[in-house]
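First up is the structure itself, then whatever we jot down about it.
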Amino acid sequence: QVQLVESGGGSVQAGGSLRLSCAASAYAYRRYCMGWFRQAPGKEREWVSSISTDGSTSYADSVQGRFTISKDNAKNTLYLQMNSLKPEDTAMYFCAAVFYFYRCSSPREADVGYWGQGTQVTVSS
């Protein structure tokens, strides 16, 4: 059974940092591209970052240079290190397992097979 559980969200001041974690089932972790999406109130869910099974990473333009995606193979855990946070980063962040490898570099919602429950990130100015 595929399970994704996020943690690490919270409230920070602009310019601060947070690290999100996603504990994944071994099957999902080793088979699928893993990524992060976020959704702010009144906005569509948008892709933030992803990492392929071979370790290749990609980022949305809005977070490139500030966020870093990584994974710990020993723990089957995905991470998103978020630095230089801005109020615009405020959103619910979701861990995702992407089914289609050819969409890993910029996946859409429809490409995602499994979602975590989400963790809230709030950045104040």
Side-chain angles (χ1 to χ4, degrees):
Q1 183 177 11
V2 173
Q3 183 175 354
L4 305 174
V5 181
E6 303 98 329
S7 62
S11 298
V12 297
Q13 291 280 326
S17 298
L18 285 173
R19 189 179 76 159
L20 306 184
S21 299
C22 172
S25 65
Y27 181 83
Y29 188 88
R30 66 181 174 86
R31 178 170 179 173
Y32 300 117
C33 163
M34 302 295 294
W36 293 94
F37 286 71
R38 66 186 182 186
Q39 187 169 25
K43 298 182 65 178
E44 296 182 351
R45 189 168 298 187
E46 64 175 350
W47 168 72
V48 175
S49 182
S50 51
I51 183 166
S52 69
T53 53
D54 68 4
S56 298
T57 60
S58 56
Y59 301 90
D61 289 344
S62 59
V63 307
Q64 193 166 42
R66 299 187 297 120
F67 292 9
T68 302
I69 191 170
S70 63
K71 56 183 180 180
D72 186 331
N73 293 334
K75 297 180 179 180
N76 293 334
T77 300
L78 179 73
Y79 300 100
L80 185 68
Q81 178 66 46
M82 305 186 295
N83 298 326
S84 301
L85 282 162
K86 304 175 181 179
E88 305 93 273
D89 296 318
T90 296
M92 184 73 74
Y93 283 71
F94 299 90
C95 181
V98 181
F99 276 6
Y100 307 113
F101 71 93
Y102 52 88
R103 292 297 305 171
C104 188
S105 61
S106 57
R108 301 163 296 184
E109 281 191 73
D111 301 317
V112 174
Y114 301 101
W115 296 97
Q117 83 286 354
T119 185
Q120 179 68 39
V121 171
T122 302
V123 184
S124 59
S125 60

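The structure displayed is predicted, hence computed values, not measured ones.
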Heavy-atom pair with the smallest gap, counting every atom of [X] and [Y]:
X	Y	answer
Gly118	Met92	C-SD, 3.7 Å
Ala24	Leu4	CB-CD2, 3.5 Å
Gly9	Leu20	N-CD2, 3.6 Å
Ala110	Tyr100	O-CE1, 4.3 Å
Trp47	Ser50	NE1-OG, 3.3 Å
Val2	Ser25	CA-OG, 3.4 Å

### Task
Write out all pairs satisfying disulfide (SG to SG under 2.5 Å) with one or both partners inside residues 37-100, taking only residues at least two apart or from two chains.
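The answer is Cys22-Cys95.
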
### Task
With sequence neighbours excluded, give me every disulfide (SG to SG under 2.5 Å) pair touching residues 26-84.
Cys33-Cys104

[X]: salt bridge (charged side-chain N to carboxylate O under 4.0 Å, His left out) partners, not counting sequence neighbours:
X	answer
Glu109	none
Arg45	none
Arg108	Asp111

Can you name the residues that form a side chain to side chain donor-acceptor pair (under 3.5 Å) with [X], not counting sequence neighbours?
X	value
Asn73	Tyr29
Arg19	none
Asn83	Ser17, Gln81
Ser52	Asp54

### Message
I need the full list of ring-ring contact (aromatic ring centres under 6.0 Å, His included) pairs touching residues 103-125, with sequence neighbours left out, sorted by first then second residue.
### Response
Phe37-Trp115, Phe99-Tyr114

#### Entry: Residue pairs passing the ring-ring contact (aromatic ring centres under 6.0 Å, His included) test where at least one lies in residues 51-81, sequence neighbours excluded
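Sorted pair list comes back empty.
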
Following the transitive rule for hydrophobic clusters with a side-chain heavy-atom cut-off under 4.5 Å over Ile, Leu, Val, Met, Phe, Trp and Tyr, establish whether [X] and [Y] coincide in one cluster.
X	Y	answer
Leu80	Val63	yes
Tyr93	Ile51	yes
Leu78	Phe94	no
Val121	Val48	yes
Leu18	Val5	no

### Working for side-chain contact (heavy atoms from CB on, under 4.5 Å), residues Thr90 and Gln120
CA-CA 8 Å; Thr90 296; Gln120 179 68 39; 4.1 Å; yes

### salt bridge (Lys or Arg N to Asp or Glu O under 4.0 Å) pairs, two or more places apart, involving residues 64-87
Arg66-Asp89

### Query
Between Arg30 and Thr53, is a side-chain contact (heavy atoms from CB on, under 4.5 Å) present by the stated rule, with each step listed?
CA-CA 7 Å; Arg30 66 181 174 86; Thr53 53; over 6 Å; no

#### Entry: Backbone N/O of Glu6 and side chain of Gln117: donor-acceptor pair under 3.5 Å
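Such a contact is found between Gln117 side chain and Glu6 backbone.
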
### Query
When rounded to the nearest 0.5 angstrom, what is the spacing between CE in Met34 and OG in Ser49?
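Reported to 0.5 Å precision, the distance equals 12.0 Å.
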
